[in-house]
Every structure is written in structure tokens, then in C-alpha cells.
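Everything on this sheet refers to the single structure shown next.
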Amino acid sequence: MKGKKKKEPAGMNPAEIFAALELLEAERNIPKSFMLEKIIQAITTAYKRDHPEVENVVVEADEEHKDLRMFVQKAVVDEEDYVDPGNEMPLEEAKALSARYEIGDVVNIPVDKMEFGRIAAGNGKQVIIQGLREAERGMVYDEFNSKQHEILTGAVTRIDPRNGSVSIRIGGSGPDSTEAVLMAGEQVPNEKLEEGMHVKVYVVDVRRSTRGPQILISRTHPGLVKRLFENEVPEIADGLVEVKNVAREAGSRTKMAVWSNDENIDPIGACVGPKGQRVAAIVDELRGEKIDIIKYSENPAEFIAAALAPADVSEVWMADEGKACRCFVPDDQLSLAIGKEGQNARLAARLTGYKIDIKPLSQKDAPDEENAIEDDEDLIEEEAPVEE
């Protein structure tokens with residue numbers, strides 16, 4: 001009966017490990033030395049797990065010949081003191097290996113090639129796979145971290161019926177794409193998203209996590225409106241027109257303050273575009289959301305009056321201290337200035353940063369105590385900052 005052939009260890013041999021590390025370094029920019037150190041650590045840990053009695057294990061890497069070798073280190077002791085076979089070797093046995101050994105020396109005992117091959121194959125492959133994952137996660141993080149506060153177009157891939165979150169594949173459809181989650185709170189109210197639909201999203205933040213980078217996206221952030229105008233209006237992209245601030249109630253109304261230091265440029269006209277084409281394209285993207293474009297002024301009273309459009313403001317009284325004011329409007333425009341459920345006044349307050357108290361013009365001549373401007377009432381609701 002013929003003797004059975006020993007089964008070679010499956011997986012990667014040392015030469016294949018070195019080849020894989022060189023490929024990782026060339027294609028993924030992962031240093032070979034870093035990955036080799038990880039592999040040696042993994043191999044050493046695996047051997048010690050299989051041989052708990054062994055304390056000292058070393059792995060030597062021969063990069064020139066693309067080889068790895070493992071040794072168990074044992075201390076040479078006197079025959080009478082020999083008690084730990086896993087970590088000690090009696091002097092007589094050491095002398096049989098080499099006459100130069102003395103008590104106290106350390107002997108490197110090679111690990112059986114078959115056992116080492118099995119350990120190296122499994123753990124080397126595992127570390128390389130893990131390295132690839134880390135590299136891919138790092139590349140995704142670096143790519144999308146550079147796109148913070150920008151607009152990306154993505155395709156809806158899945159809608160979670162439990163919490164209403166929407167998975168959106170951004171960055172294309174190839175291997176460089178990744179999936180981000182649009183949480184229910186970052187979706188525009190009453191906007192119906194369906195699988196396969198392409199939508200523009202605003203990248204709010206990119207965070208590292210143990211499961212890979214987390215890309216936080218939004219359809220409600222005021223920065224989305226700002227970036228849409230930058231893409232649509234060349235004067236904004238070129239810096240001739242500046243978006244000073246955006247106040248938004250997503251799905252309903254947005255107020256945006258614009259300004260230009262070039263007196264020959266009409267910042268509002270530039271944003272509206274010929275026959276309203278530019279602003280119309282953005283309104284379409286926002287599914288019909290109304291947009292008020294207001295000319296910014298360094299004079300707070302002028303800016304506040306403009307922010308209350310479409311109402312006409314007759315007069316603005318500024319508080320002596322604090323950021324508060326009282327605006328008088330024609331009696332028949334009071335409801336227009338306040339807006340439905342206070343929306344117009346609320347957005348104007350967020351846009352300007354002032355607490356705005358709106359009164360009908362007929363009350364302008366009321367006693368002074370009735371027209372006193374207070375700044376200790378409800379604070380202005382803070383709008384998310386519009387990133388540059």
C-alpha cells in the first residue's frame with residue numbers, strides 16, 4: 001500500500017504573501033512594511049494560541065528571497081533546572097545542536113514548515129483581506145471628506161419602511177461608489193422618493209467608524225440651496241455675487257440674501273436669470289419650494305425691511321441694545337408680513353439674525369410704552385450655518 005502524500009497547506013505561501021503586499025503598496029498605497037508587521041503579529045499570535053505553553057516566538061522576514069521563517073526561542077539551562085519544555089532546553093541537548101551553546105544562551109528552534117505554512121497561509125491571507133478593507137474604507141473617507149458641504153447626485157437604492165430612512169448610492173455606479181443613508185429627519189416633508197430615482201443631496205459631514213466611513217447627507221440643509229445656486233449662477237461661482245445667508249423651511253420656503261461689491265451687477269437679477277430660468281431650475285430641483293431672493297445690506301434696518309418681502313415695510317425701529325427691532329407695515333399687509341403660521345417673519349428673523357416684532361402702521365403713534373422694543377422674549381430659532 002502506497003503511503004499517503006502529505007497535504008500541502010492551502011492558501012498563500014510566503015512568496016505569494018510578499019507578492020500581494022507589493023501589489024497592495026503599488027495599487028492601494030499601503031506601505032509593505034506596515035502590512036508585513038501586521039502579518040508577523042498575526043502569525044505569532046496564532047502560533048501562541050495553538051501552543052499556550054510557548055512564550056517566546058520570533059518571525060524573520062527575508063524580503064530579498066521573499067521568505068518567512070518562524071522560531072521558538074528556548075533558554076539553555078542546567079539539566080537539574082530543566083522544568084519548562086516549552087521555553088527551556090537542557091544544556092546537553094543544546095550542545096548536540098552546537099558545541100558553542102552555554103547555560104543562559106537562547107536557542108532558536110525552527111517551527112515545522114508544514115505547521116508554519118498552515119498558520120502563515122490562513123493568517124497572512126486574513127490580514128491582507130483586512131488591509132484591503134481598511135484601504136478601501138480609507139479611500140472612501142478621503143474621497144468624501146474632501147466633498148463635505150458639496151452637492152452629490154445619487155440614486156435611491158432602498159427605502160426602509162420601518163424608520164423611513166432612504167439608502168442612496170453616491171459617487172457613481174462603479175466600484176468607487178458608496179452608499180449613504182438619508183435619515184427621515186433630513187428628508188423634505190411630503191417629498192416622495194422612490195427606488196431608482198436620482199436626487200441631489202448635500203454632504204453635511206463624513207465620520208470614521210469601525211464599520212467604515214459614515215456619510216451624513218441632507219435634503220433639508222440650507223447649504224443645499226446655496227450650492228444649487230453656485231452651480232446654476234456663474235456670477236456666484238466666479239465670486240462676483242456672494243450668498244450672505246440662507247434661511248430655509250425645507251419643502252415650503254427659502255429666503256436667501258445676496259450681495260455684490262460690483263455696482264454694475266444686480267445680484268438678485270443674476271440669481272433669477274433670463275426670464276427666471278436660473279431660479280426656476282432650482283425650484284424644480286426642490287420640488288416647487290418657494291425662494292425669496294433678497295439684496296443684502298450692511299444697514300440692518302434696510303436688510304430687515306428687505307427680508308420681510310413680499311410685504312412692504314414702512315419703517316424699522318432698531319433697539320438701542322441687542323439684536324431686536326420693530327417693523328411697521330401697512331395695515332392691509334400685516335398678515336403678508338407675518339406669513340402663514342408666522343413663516344415669513346420667522347425666516348426673516350433667521351436670515352438677518354434679529355428678533356423682529358411686526359406692527360401695523362396704525363399703531364405707530366401709540367404711547368411710547370406700547371412701542372417699547374423688548375429683546376427678552378423668545379429667541380430667534382437658530383438656522384444651520386451655511387458653509388462656505
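Positions are given from 1 along the sequence.
- What you find for I236 and C271 is that their closest heavy atoms are CD1-SG, 3.9 Å.
- Here the closest non-hydrogen pair linking A311 and Q333 is CA-OE1, 3.3 Å.
- Considering CG of D112 and CE of M70, their distance stands at 11.5 Å, rounded to 0.5 Å.
- Within the 4.5 Å cutoff, no side-chain heavy atoms of V156 are placed close to those of E194.
- Atom CG in L361 sits 10.0 Å away from atom CG in D332 (nearest 0.5 Å).
- The closest side-chain heavy-atom distance from I215 to L152 is not below 4.5 Å.
- The local environment of CD in E115 is crowded, with over 12 non-hydrogen atoms from other residues, nucleotides or ligands closer than 6.0 Å.
- Residues S260 and E235 bring no donor and acceptor atom of their side chains to less than 3.5 Å of each other.
- A donor-acceptor pair under 3.5 Å is absent between the side-chain atoms of E150 and the main chain of V203, judged by distance alone.
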Side-chain polar contacts of residues 30-39 - donor-acceptor pairs under 3.5 angstrom, sequence neighbours left out - could you list them?
none

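- Considering all non-hydrogen atoms of both residues, E232 and P234 come closest at O-CD, 3.5 Å.
- Within 6.0 Å of NZ in K48 there are more than 12 heavy atoms belonging to other residues, nucleotides or ligands.
- Distance CG/L347 to OG/S252: 7.5 Å, rounded to 0.5 Å.
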Begin from the C-alpha positions of V72 and H51 and carry the test side chain to side chain contact (heavy atoms under 4.5 Å, CB included) through to its verdict. CA-CA 10 Å; V72 173; H51 302 81; over 6 Å; no

Does the side chain to side chain contact (heavy atoms under 4.5 Å, CB included) test come out yes or no for R219 and H221, once each step is laid out? CA-CA 6 Å; R219 286 277 293 168; H221 198 285; over 6 Å; no

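- By the 6.0 Å contact criterion, CD on E341 is open, its count of non-hydrogen atoms from other residues, nucleotides or ligands being 12 or less.
- Rounding to the nearest 0.5 Å gives a distance of 5.0 Å between SG of C325 and CD1 of I356.
- Remark: the backbone N or O of D78 is not paired with any side-chain donor or acceptor of D81 at under 3.5 angstrom.
- By the 4.5 Å heavy-atom criterion applied to side chains, E60 and D62 are not counted as neighbours.
- Side-chain atoms of D331 come within 3.5 Å of backbone atoms of S362 as a donor-acceptor pair (strictly under, hydrogens ignored).
- Relative to the ring axis of F328, K359 does not place its NZ or CZ within 45° and under 6.0 Å from the centre.
- Contact of the V243 side chain with the Y296 side chain is not registered, since no non-hydrogen atoms from C-beta on lie closer than 4.5 Å.
- One N or O on the side chain of E88 and one on the backbone of D84 form a donor-acceptor pair closer than 3.5 Å.
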Full working for salt bridge (Lys or Arg N to Asp or Glu O under 4.0 Å) between R169 and E179: CA-CA 4 Å; R169 182 156 289 280; E179 200 141 289; 3.4 Å; yes

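- Proximity of V107 to E93: side-chain heavy atoms (C-beta onward) are nowhere separated by under 4.5 Å.
- Annotation for V313 and A305: closest pair CG2-O, 3.7 Å, computed over non-hydrogen atoms.
- Nearest approach of A337 to L308, heavy atoms of both residues: O-CD2, 3.9 Å.
- Remark: side-chain polar atoms of R287 are not paired, donor with acceptor, to backbone N or O of G251 under 3.5 angstrom.
- Remark: side-chain polar atoms of R346 are not paired, donor with acceptor, to backbone N or O of G339 under 3.5 angstrom.
- The structure places CG of L21 at 9.0 Å from CD of E63, a figure rounded to the nearest 0.5 Å.
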Pairs of donor and acceptor atoms involving the side chains of residues 160-168, under 3.5 Å and at least two apart or interchain, shall be tabulated with distances.
from : atom 1 : to   : atom 2 : distance (Å)
D160 : OD1    : R162 : N      : 2.9
D160 : OD1    : R162 : NE     : 3.1
D160 : OD2    : R162 : NH2    : 3.0
N163 : OD1    : S165 : N      : 2.9
N163 : OD1    : S165 : OG     : 2.8

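- Taking OG of S218 as the reference point, atom CG of D205 lies at 12.0 Å (rounded to 0.5 Å).
- By the rule that hydrophobic residues join a cluster once side-chain heavy atoms approach within less than 4.5 Å of another member, V111 and V57 end up as members of one cluster.
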Decide yes or no on side chain to side chain contact (heavy atoms under 4.5 Å, CB included) for N87 and K74, but give the supporting numbers first. CA-CA 5 Å; N87 300 288; K74 295 187 177 184; 5.6 Å; no

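- Looking only at atom types and distance, the side chain of N245 has no donor-acceptor partner in the side chain of K255 under 3.5 Å away.
- Side-chain atoms of K66 never come within 3.5 Å of backbone atoms of P14 as a donor-acceptor pair (strictly under, hydrogens ignored).
- Hydrophobic clustering places L224 together with V246 (ILVMFWY residues linked when any side-chain heavy atoms are closer than 4.5 Å, directly or through intermediates).
- The side-chain heavy atoms of R253 and K340, taken from C-beta on, include no pair separated by under 4.5 Å.
- The number of heavy-atom neighbours closer than 6.0 Å to CD of E92, taken from other residues, nucleotides and ligands shown, is 12 or below.
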Just do the salt bridge (Lys or Arg N to Asp or Glu O under 4.0 Å) check on R227 and E230 with the steps written out, would you? CA-CA 5 Å; R227 294 302 185 208; E230 286 179 355; 2.7 Å; yes

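- Clustering ILVMFWY residues whenever any of their side-chain heavy atoms sit less than 4.5 angstrom apart, transitively, puts I293 in a cluster other than the one holding L351.
- Other residues, nucleotides and ligands contribute more than 12 heavy atoms inside 6.0 Å of the CD atom of Q277.
- Salt bridge absent: K290 and E249 never bring a charged side-chain N and a carboxylate O closer than 4.0 Å.
- Under the 4.5 Å side-chain heavy-atom criterion for ILVMFWY residues, a single connected hydrophobic cluster contains both V241 and I291.
- The side-chain heavy atoms of K364 and W317, taken from C-beta on, include a pair separated by under 4.5 Å.
- Across all non-hydrogen atoms, the minimal contact from I304 to C327 is CG2-SG, 3.6 Å.
- Every side-chain contact (heavy atoms from CB on, under 4.5 Å) that S297 has, sequence neighbours left out, goes to N299, E302, F303.
- Dense packing is recorded around CG of D238, with more than 12 heavy atoms of other residues, nucleotides or ligands lying under 6.0 Å away.
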Side chain to side chain contact (heavy atoms under 4.5 Å, CB included), that's the test. Do E289 and E191 meet it? Break it down for me. CA-CA 11 Å; E289 185 173 314; E191 181 180 56; over 6 Å; no

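- Transitive grouping of hydrophobic side chains (ILVMFWY, heavy atoms separated by less than 4.5 Å) keeps F229 and I294 in distinct clusters.
- Side-chain contact between D50 and R118 is present, with at least one heavy-atom pair separated by less than 4.5 Å.
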